[in-house]
Colleague: 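This is the structure, below, for whatever I ask next.
Numbers here simply count residues along the sequence, with the first being 1. Note: hydrogens, waters and symmetry copies are ignored here, and every other heavy atom, side chains too, is used. Here the structure is a predicted model, which is why all the values come from computation and not from measurement.
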Amino acid sequence: MKTKKLLALLLAGAMSASLLAGCGGNSNTDTTSTDDTAGTTEESDFQYIQNKGTLIVGITNFAPMDYPDENGDWIGFDADMAKAFAEEMGVDVEFIEINWDNKISELESKAIDAVWNGMTLTDEVTSSMSCSDPYCVNAQVVVVPSDVADQYQDADSLKDLNFAVESGSAGEEMAQTLGLNYTAVQTQANALMEVSSGASDACVIDLLMAGAMIGEGTSYPDLTYTVNLNEASGAESEYYGVGFRKGSDMAESFNNFYAAMYEAGKVQEIAQTYGVQESLVEPQAAADSADAGAAADTGDTAAAEDAAA
């Protein structure tokens, strides 16, 4: 009887040891699995867009950069460049009209993949997005009815006017800097309509848009621009860039694409179509400008001077 009890105890002990060994084996297997997972590389933004098959571009109605043709299809210098870039990536392109004030959050939420709409490279933009090198030079100008243009030829003459400006734009920033009286509207196109209808005395819009949209043979033949506010305020010229998500590798991809397209003469051809050829920035000059800006931001004066030389 004692022998049977002893054998039972020994068997129980052996089973317990076996169970413990089994648990230990499972633990080792889990560790290996965790290590394998930790070694997985997260896809880049470029790969993310290629995998979903569509480059989604955030825009506003802003001729000559992005605007609908008679069929409702988006055309313009930026729109055509975006189509070519998407084709190079091997994906489709989709244009979505956005509220310009929300462009940063639209990117961060992945509702769009790029802001490509004659976007001025302001401090807010460059600190919140991964931006391309500059591709066009621009300035902010005052637009007024042609029949009163001779009264508004310098900054001092503007102080009593009521302006319309696009909310969140470089034009609004300029109006704030100069202390102008203004009402913020949704787009620069809306700002022009405000002046045309008489709801506002004047507006501040981009020079490139003014060249395409006002004067003889345009949508607003009775409007003209007078004061270049960058020159009047002693501010530097502005530059357009394409904005991608912060940390994205898409900005570098665009820079390489732009340089190749420029060398092949394709950028110049598209620019001629929309009358912005005089505003183009050559790729090397754009890279030098970007290097100078980065060096200035870090306080490296010598590097900034070398890049700008």
Colleague: Give me the atom names and distance for the closest heavy-atom approach of S197 to E194.
Modeller: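 Residues S197 and E194, closest heavy atoms: OG-O, 3.1 Å.
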Colleague: Ring centroid separation for Y135 and W116, is it under 6.0 angstrom?
Modeller: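 No, the ring centres sit 6.0 Å or more apart.
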Colleague: At their closest point, which heavy atom of T218 faces which heavy atom of A212, and how far apart are they?
Modeller: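 Taking every non-hydrogen atom into account, CG2-O, 3.8 Å.
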Colleague: For the pair Q188 (side chain) and V165 (backbone), establish whether a donor and an acceptor sit closer than 3.5 Å, ignoring hydrogens and angles.
Modeller: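 Absent.
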Colleague: Under the side-chain contact (heavy atoms from CB on, under 4.5 Å) rule, what do E87 and V91 come out as? Steps first, then yes or no, please.
Modeller: CA-CA 6 Å; E87 183 178 355; V91 300; over 6 Å; no
Colleague: Does a side chain donor of either S105 or N102 reach within less than 3.5 Å of an acceptor in the other side chain?
Modeller: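 Checked: S105/N102 side chains show no N/O donor-acceptor pair below 3.5 Å.
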Colleague: Kindly give the heavy-atom pair with the smallest separation between D154 and V227, and that separation in Å.
Modeller: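 So the two residues come closest at N-CG2, 3.6 Å.
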Colleague: What do the steps show when you test L208 against M65 for side-chain contact (heavy atoms from CB on, under 4.5 Å), and what is the final call?
Modeller: CA-CA 9 Å; L208 267 72; M65 312 311 280; 4.0 Å; yes
Colleague: With no hydrogens and no angle check, is any side-chain donor or acceptor of Q153 less than 3.5 Å from a backbone partner on A149?
Modeller: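 At least one qualifying donor-acceptor pair exists.
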Colleague: Just by distance, no angles: are the side chains of T60 and N117 close enough, under 3.5 Å, to form a donor-acceptor pair?
Modeller: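 Yes, because at least one side-chain N or O of T60 sits under 3.5 Å from a partner of the opposite role on N117.
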Colleague: Tell me whether N190 contacts the main-chain N or O of T187 through its side chain, where contact means a donor paired with an acceptor under 3.5 Å.
Modeller: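 Yes: the side chain of N190 pairs with the backbone of T187.
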Colleague: Do you reckon F95 sits in the same ILVMFWY cluster as F244, going by side-chain contacts under 4.5 Å, direct or chained?
Modeller: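 They do share one cluster, since a chain of ILVMFWY contacts under 4.5 Å joins F95 to F244.
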Colleague: If only side-chain N and O atoms count, and only distance matters, is there a donor-acceptor pair under 3.5 Å linking Q140 with E238?
Modeller: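 Result is yes, a qualifying pair exists.
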Colleague: Any donor-acceptor pair under 3.5 Å linking the side-chain atoms of N162 with those of S200?
Modeller: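 Looking only at side-chain atoms, N162 and S200 do not form any donor-acceptor pair under 3.5 Å.
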Colleague: How far does CE of M119 sit from CG of L121, to the nearest 0.5 angstrom?
Modeller: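 So the gap between those two atoms works out to 6.0 Å.
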Colleague: When you compare the side chain of M174 with that of S233, does any pair of heavy atoms fall below 4.5 Å?
Modeller: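 The answer is yes, as the side chains (C-beta and beyond) meet within the 4.5 Å cut-off.
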Colleague: Between Y220 and A189, what is the shortest heavy-atom contact and its length?
Modeller: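 Taking Y220 first and A189 second, the nearest heavy atoms are OH-O, 4.3 Å.
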Colleague: Determine yes or no for a side-chain-to-main-chain donor-acceptor pair under 3.5 angstrom, with S248 supplying the side chain and M250 the backbone.
Modeller: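 Here the side-chain-to-backbone pair exists.
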Colleague: Between D206 (side chain) and M209 (backbone), is there a donor-acceptor pair under 3.5 Å?
Modeller: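 Side chain of D206 to backbone of M209: no pair is present.
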Colleague: Is a side-chain donor or acceptor of T54 paired with a backbone partner of D92 at a separation under 3.5 angstrom?
Modeller: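 Checked: no pair found.
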Colleague: Okay, side chain of D113, backbone of L55: is any donor-acceptor separation there less than 3.5 Å?
Modeller: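 No, the answer is negative, given that no donor and acceptor are paired below the 3.5 Å cut-off.
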Colleague: To the closest 0.5 Å, what do you measure between NZ (K246) and OG (S128)?
Modeller: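 Between atom NZ of K246 and atom OG of S128 there are 7.0 Å.
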Colleague: Tell me if a side-chain donor or acceptor on R245 pairs with a main-chain N or O of I112 at a distance below 3.5 Å.
Modeller: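 Flag set: sc R245 to bb I112 pair under 3.5 Å.
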Colleague: Transitively linked via ILVMFWY side-chain contacts under 4.5 Å: L161 with Y182?
Modeller: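 L161 and Y182: one cluster.
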Colleague: If you compare all heavy atoms of I270 against all heavy atoms of D80, which two are closest, and at what distance to 0.1 Å?
Modeller: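 That closest heavy-atom pairing would be CG2-CB, 3.8 Å.
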Colleague: Here's one to test your reading of the geometry: is the NZ or CZ of K266 within 45 degrees of the ring axis of Y258 and under 6.0 Å from its centre?
Modeller: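 No.
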Colleague: Does either side chain, that of N61 or that of E97, offer a donor lying less than 3.5 Å from an acceptor on the other one?
Modeller: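 There is no such pair between these side chains.
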Colleague: In the structure I gave you, are the side-chain heavy atoms of I75 and Y274 within less than 4.5 Å of one another anywhere?
Modeller: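 Counting from C-beta outward, I75 and Y274 do come under 4.5 Å.
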Colleague: Measure from the side-chain N and O atoms of D249 to the backbone N and O of S44, and report whether any donor-acceptor pair falls under 3.5 Å.
Modeller: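 Pair absent, no side-chain N/O of D249 close to backbone of S44.
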Colleague: Do the side chains of L207 and Y225 get nearer than 4.5 Å, heavy atoms only?
Modeller: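 Sidechains of L207 and Y225: in contact.
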Colleague: Looking at side-chain heavy atoms only, is the closest gap between Q50 and E43 below 4.5 Å?
Modeller: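 SC-SC contact between Q50 and E43 ruled out.
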Colleague: Without hydrogens or angle criteria, can the side chains of D78 and Y240 be said to hold a donor-acceptor pair below 3.5 Å?
Modeller: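 No, no side-chain donor-acceptor contact under 3.5 Å.
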Colleague: Using 0.5 Å steps for rounding, measure from the CG atom of N255 to the SG atom of C131.
Modeller: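 With rounding to 0.5 Å, CG (N255) is 10.5 Å from SG (C131).
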Colleague: Grouping I, L, V, M, F, W and Y whenever their side-chain heavy atoms are under 4.5 Å apart, do F163 and W100 come out in a common cluster?
Modeller: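 No, separate clusters.
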Colleague: Would you find a donor on one side and an acceptor on the other, under 3.5 Å apart, between the side chain of N71 and the backbone of D73?
Modeller: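 No, the answer is negative, given that no donor and acceptor are paired below the 3.5 Å cut-off.
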